[in-house]
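Worth saying up front: this structure is predicted, and the values here are computed from it rather than measured. Proteins come first, then strands; the chains are lettered A, B, ... in the order of their sequence lines, and each starts at number 1. These numbers come from the heavy atoms of this one structure, side chains and all, not from hydrogens, waters or symmetry mates.
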Protein chains: 2
Amino acid sequence: MAAVTVALRNGLDQTTTEAIAIEAGISTRTFFNYYNNKQAAILGEAIRLDIKGAGWFVESSGPILDDLAKLLGQGLHEDPLDRALLLKIIAVVDANPTLHDMFRTQVDETSSSISGLLETRLGSDLAIESRLLAELSTRALTEAVVAWAADETMTVDSVTVQIAANLRSVSKIMCQ
Amino acid sequence: MAAVTVALRNGLDQTTTEAIAIEAGISTRTFFNYYNNKQAAILGEAIRLDIKGAGWFVESSGPILDDLAKLLGQGLHEDPLDRALLLKIIAVVDANPTLHDMFRTQVDETSSSISGLLETRLGSDLAIESRLLAELSTRALTEAVVAWAADETMTVDSVTVQIAANLRSVSKIMCQ
DNA sequence: GTAAATATTGCACACTGTGTATTATTATGC
DNA sequence: GCATAATAATACACAGTGTGCAATATTTAC
């Protein structure tokens with residue numbers, strides 16, 4: 001929170017670990033006990049979602065896009081997102097391409113999990129396809145979450161709907 | 001080249017900017033005149049491809065997946081890839097997750113270009129879909145290039161074929 | 001062969017990140 | 001309450017990153 005505050009107030013250039021530590025009222029050494037770097041402090045755990053108890057996904061034979069949307073949307077329910085904080089984080093990330101990398105790294109971790117589940121469901125001869133589809137899905141998730149953050153009328157449930165809509169729309173384009 | 005050499009020989013931990021500079025026979029200051037950081041030195045321009053003269057892509061009404069594969073494959077022809085160097089780079093990246101970020105950053109730049117072209121072709125009401133499809137395509141490119149690097153019998157042209165195959169396979173899964 | 005343009009380098013400096021030892025703080029049992 | 005153990009915070013030293021700037025070397029052009 002301190003990191004985001006400083007970054008929004010003073011810009012990322014002025015957001016030294018020292019400035020964050022002062023804002024948080026701790027020493028810089030303590031800061032590094034909790035975050036590996038300032039990027040991690042700014043991004044926090046806002047986006048990362050852990051996929052657990054997803055046996056149903058592997059077994060299911062329903063429409064795969066809907067299952068993916070459900071899987072990703074379900075991850076969001078674990079610990080509810082803070083819309084105001086997320087908006088601030090998005091603002092900082094948008095203004096600082098440097099942060100984009102680490103944001104992607106977080107999303108990639110989710111993508112990896114999804115990829116594993118997909119490979120189990122589809123079979124290991126579709127490993128490449130699993131990775132591609134996982135990437136596409138997590139990107140659809142990102143788009144949906146960003147849309148959710150910006151629109152106060154959206155519920156968390158509607159994120160699932162949005163993800164499914166995004167994926168279906170892409171599949172329509174691809175299959176034409 | 002010096003950066004990759006040192007990274008493979010001594011591991012990324014030991015690959016300080018000083019070590020790279022010594023290997024290259026230059027000062028560290030000169031190193032930083034050419035690369036912003038050691039990650040950039042290791043990755044080089046191996047993957048990045050610039051999309052130019054892609055008017056045909058925007059105008060075309062052919063199968064979009066084939067056009068995408070053609071577009072990406074064409075970018076590879078600009079300056080021919082060095083298979084041996086690429087293999088080394090892939091080895092270093094695989095061994096060091098830290099580098100993964102910067103690799104993705106490079107690929108993202110390509111993705112951005114593709115996204116812009118797609119949005120022009122599909123219309124701005126399909127902006128989200130354009131971004132998703134661009135991401136999927138560049139990821140398919142990465143998979144294909146990695147496969148190419150590992151298989152000496154593959155030609156650069158077959159990368160295009162591979163990309164198209166990957167995309168078609170995914171679309172088949174999505175549309176089922 | 002000289003002068004201008006360009007490249008390389010040395011140096012100082014602010015910042016990042018980690019290991020280690022020391023000091024606070026908190027928790028626990030009695 | 002109080003001594004003690006566990007945990008957290010901090011100070012400090014240090015290796016490394018990256019940049020600005022001025023000085024020096026090298027190349028280019030005429």
Does a sphere of radius 6.0 Å around NZ in B/K38 hold more than 12 heavy atoms from other residues, nucleotides or ligands, not counting ones at 6.0 Å or beyond? yes

B/Y34 side chain N/O closer than 4.0 Å to the phosphate oxygens (OP1, OP2) of C/dA7? no

Between the side chain of A/D82 and the main-chain N/O of A/L85, is any donor-acceptor distance below 3.5 Å? yes

Under the salt bridge (charged side-chain N to carboxylate O under 4.0 Å, His left out) rule, what do A/R9 and A/E23 come out as? Steps first, then yes or no, please. CA-CA 11 Å; A/R9 189 176 59 213; A/E23 176 78 20; 3.0 Å; yes

Those residues at least two apart in sequence (or on a different chain) that pass ring pair (Phe, Tyr, Trp, His ring centres under 6.0 Å) with A/F32 are none

Reading nucleotides 9-19 of chain C 5' to 3', which nucleotides get B (base under 4.0 Å from a protein heavy atom), which S (sugar-phosphate only), which -? BBB---SSBBB

Would you indicate whether the side-chain heavy atoms of A/D66 and A/K70 approach each other to under 4.5 Å? no

Under a 3.5 Å distance rule, please check whether A/S171 uses its side chain to pair with a backbone N or O of A/R168 as donor and acceptor. yes

Kindly indicate whether the side chain of A/L68, heavy atoms from C-beta on, has any atom under 4.5 Å from the side chain of A/L136. no

For nucleotides 22-26 of chain D, which of its nitrogen or oxygen atoms have a protein nitrogen or oxygen under 3.5 Å away, and what is each distance?
none

So B/W148 and B/L86, do their side chains get closer than 4.5 Å, heavy atoms only? yes

